[in-house]
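What follows is a short report on a single structure.
Values below: all heavy atoms of this structure, side chains included; hydrogens, waters and symmetry mates excluded.
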Amino acid sequence: MSYVWSTLEDSGTQALVYSDHARLDIRDMFAFPPRRILDLGCATGAVSGSIKTDFPEVFAWGCELNPRNADIAETRLDKITRSTTDQWGIDEIEMLHTIDTVLLLDVLEHTYNPWSILQFLRKHLPSNAQIIISLPNVGNFNIIKELANGFWSYQHVGILDITHLRFFTEHEMKKMIHETGFEITKQSMNCYPHANPEELKDFPVWYGTDDLKIKVLNQTQWNNLHAVQHYFRVSIPK
């Protein structure tokens, strides 16, 4: 039998290559076309690499700790850093001063101190930079249902990815963003394909399965129960 935790390496990464997904929906979050991107936790570089393919003038810098992913990303991006932000030297700091777009796509939850990473970016980024954040939603109904029945089963990928160290609801995501000195300028979410967050309008309503039902009071609660990820565009307050 092969256990999920058996893929973990001493570095905390998995001995796997994550899916090669360009995530084109992320582009809808941009306030302006990026020219110089920092993609923290870039995996194989699929997202920033696809932007470079469509817009060759874009400079894309990726940061990735998984050596297998980083090797692939190095063939797609202009620069790859293989160390955490707290180990960056003067050269990386100086380059950060020139970045106009940061991608934090399902990466903060993999870190011990995501608040520190956001504060680091807040300190060194230009004042007009845009930061795109996506985070998995632990307030999803399927997670709540499993927890209510005594399960918290780690997986190779998804909301309960075995390498996740931090878990957030939408409220806690927003709290982290505001407490580290940013403001939210746009928000959206990603739901399971079969879920329609606009399905119900007549609240309150009971929702669930035979083993768990939840009284949903309003549209916000309904949306959060169906969201797999929340997306944010954040900026440094003027």
Side-chain angles (χ1 to χ4, degrees), residues 7 9 11-114 116-126 128-136 156-157 161 163-166 182 229 231-235:
T7 63
E9 298 180 323
S11 65
T13 61
Q14 288 194 80
L16 299 171
V17 173
Y18 279 94
S19 62
D20 223 32
H21 183 26
R23 298 185 67 170
L24 298 179
D25 58 328
I26 292 299
R27 300 186 190 184
D28 292 335
M29 298 298 293
F30 292 144
F32 54 83
R35 296 193 62 84
R36 293 182 63 83
I37 297 173
L38 168 61
D39 191 346
L40 277 174
C42 68
T44 60
V47 178
S48 294
S50 72
I51 294 175
K52 278 190 63 64
T53 297
D54 294 339
F55 308 97
E57 71 279 4
V58 169
F59 172 85
W61 168 22
C63 180
E64 177 57 44
L65 302 184
N66 182 309
R68 297 164 184 81
N69 287 330
D71 287 345
I72 297 172
E74 202 161 35
T75 68
R76 295 171 165 172
L77 308 184
D78 298 290
K79 176 180 172 62
I80 291 293
T81 298
R82 299 171 185 248
S83 58
T84 55
T85 54
D86 61 300
Q87 298 175 320
W88 287 5
I90 295 175
D91 290 344
E92 285 87 0
I93 298 297
E94 288 299 318
M95 187 175 295
L96 189 54
H97 293 162
T98 72
I99 295 298
D100 63 30
T101 302
V102 178
L103 303 181
L104 295 169
L105 306 181
D106 298 287
V107 61
L108 290 174
E109 68 275 11
H110 293 266
T111 65
Y112 175 73
N113 193 344
S116 177
I117 292 172
L118 288 170
Q119 286 183 310
F120 171 81
L121 294 172
R122 174 69 173 79
K123 179 179 179 180
H124 295 292
L125 282 172
N128 63 342
Q130 60 183 350
I131 301 93
I132 312 301
I133 301 171
S134 66
L135 287 161
H156 289 299
V157 295
D161 184 313
T163 62
H164 289 180
L165 299 177
R166 300 294 179 184
F182 293 97
Q229 295 162 305
Y231 296 165
F232 303 92
R233 182 179 73 224
V234 310
S235 62

Could you measure the distance from the [atom1] atom of [X] to the [atom2] atom of [Y]? Nearest 0.5 Å is fine.
X: Ile133; Y: Ile26; atom1: CD1; atom2: CD1; value: 11.0 Å
X: Leu121; Y: Leu104; atom1: CG; atom2: CG; value: 6.0 Å
X: Arg122; Y: Ser235; atom1: CZ; atom2: OG; value: 9.5 Å
X: Ile37; Y: Leu77; atom1: CD1; atom2: CG; value: 9.0 Å
X: Trp88; Y: Thr81; atom1: CH2; atom2: OG1; value: 6.0 Å
X: Glu64; Y: Arg82; atom1: CD; atom2: CZ; value: 9.0 Å

Does the side chain of [Y] come within less than 4.5 Å of [X]'s, by heavy atoms?
X: Phe59; Y: Lys79; answer: yes
X: Thr111; Y: Leu165; answer: no
X: Gln87; Y: Glu92; answer: no
X: Thr44; Y: Arg76; answer: yes
X: Ile51; Y: Phe30; answer: yes
X: Leu135; Y: Arg166; answer: no
X: Leu96; Y: Thr85; answer: no

**Residues, nucleotides or ligands: over 12 heavy atoms within 6.0 Å of Phe32 CZ** =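 It does: Phe32 CZ has more than 12 such atoms within range.
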
Could you tell me which non-hydrogen atom of [X] sits nearest to which non-hydrogen atom of [Y], and how far apart they are?
X: Ala73; Y: Ala43; answer: CB-O, 3.5 Å
X: Val107; Y: Gly41; answer: CG2-CA, 3.7 Å
X: Cys63; Y: Ser83; answer: SG-O, 3.2 Å
X: Ser134; Y: Glu109; answer: O-OE1, 4.3 Å
X: Val58; Y: Lys52; answer: O-NZ, 2.7 Å

Answer yes when [X] and [Y] have at least one side-chain N-carboxylate O distance shorter than 4.0 Å, and no when they do not.
X: Asp54; Y: Arg27; value: yes
X: Arg23; Y: Asp106; value: yes
X: Arg233; Y: Asp28; value: no

**Prompt:** Would Tyr231 and Asp25 satisfy side-chain hydrogen bond (donor to acceptor under 3.5 Å, both in side chains), going step by step from the backbone distance to the final call?
**Reply:** CA-CA 10 Å; Tyr231 296 165; Asp25 58 328; 3.0 Å; yes

**Polar contact flag, side-chain donor to acceptor under 3.5 angstrom, Thr101-Gln130** =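 The criterion, which ignores hydrogens and geometry beyond distance, is satisfied for Gln130 and Thr101.
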
**Prompt:** Which of these passes side chain to side chain contact (heavy atoms under 4.5 Å, CB included) with Val47: Ile132, Leu105, Asp20?
**Reply:**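 Filter result, single survivor: Leu105.
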
**Message:** Taking Pro34's backbone N and O only, do any of them form a donor-acceptor pair with Asp100's side chain (distance below 3.5 Å, no angle check)?
**Reply:**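 Flag not set: sc Asp100 to bb Pro34 has no pair under 3.5 Å.
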
**Asked** Donor-acceptor pair, Glu74 side chain versus Asp71 backbone, under 3.5 Å?
**Response**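 Checking the backbone N and O of Asp71 against the side chain of Glu74, no donor-acceptor pair under 3.5 Å is found.
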
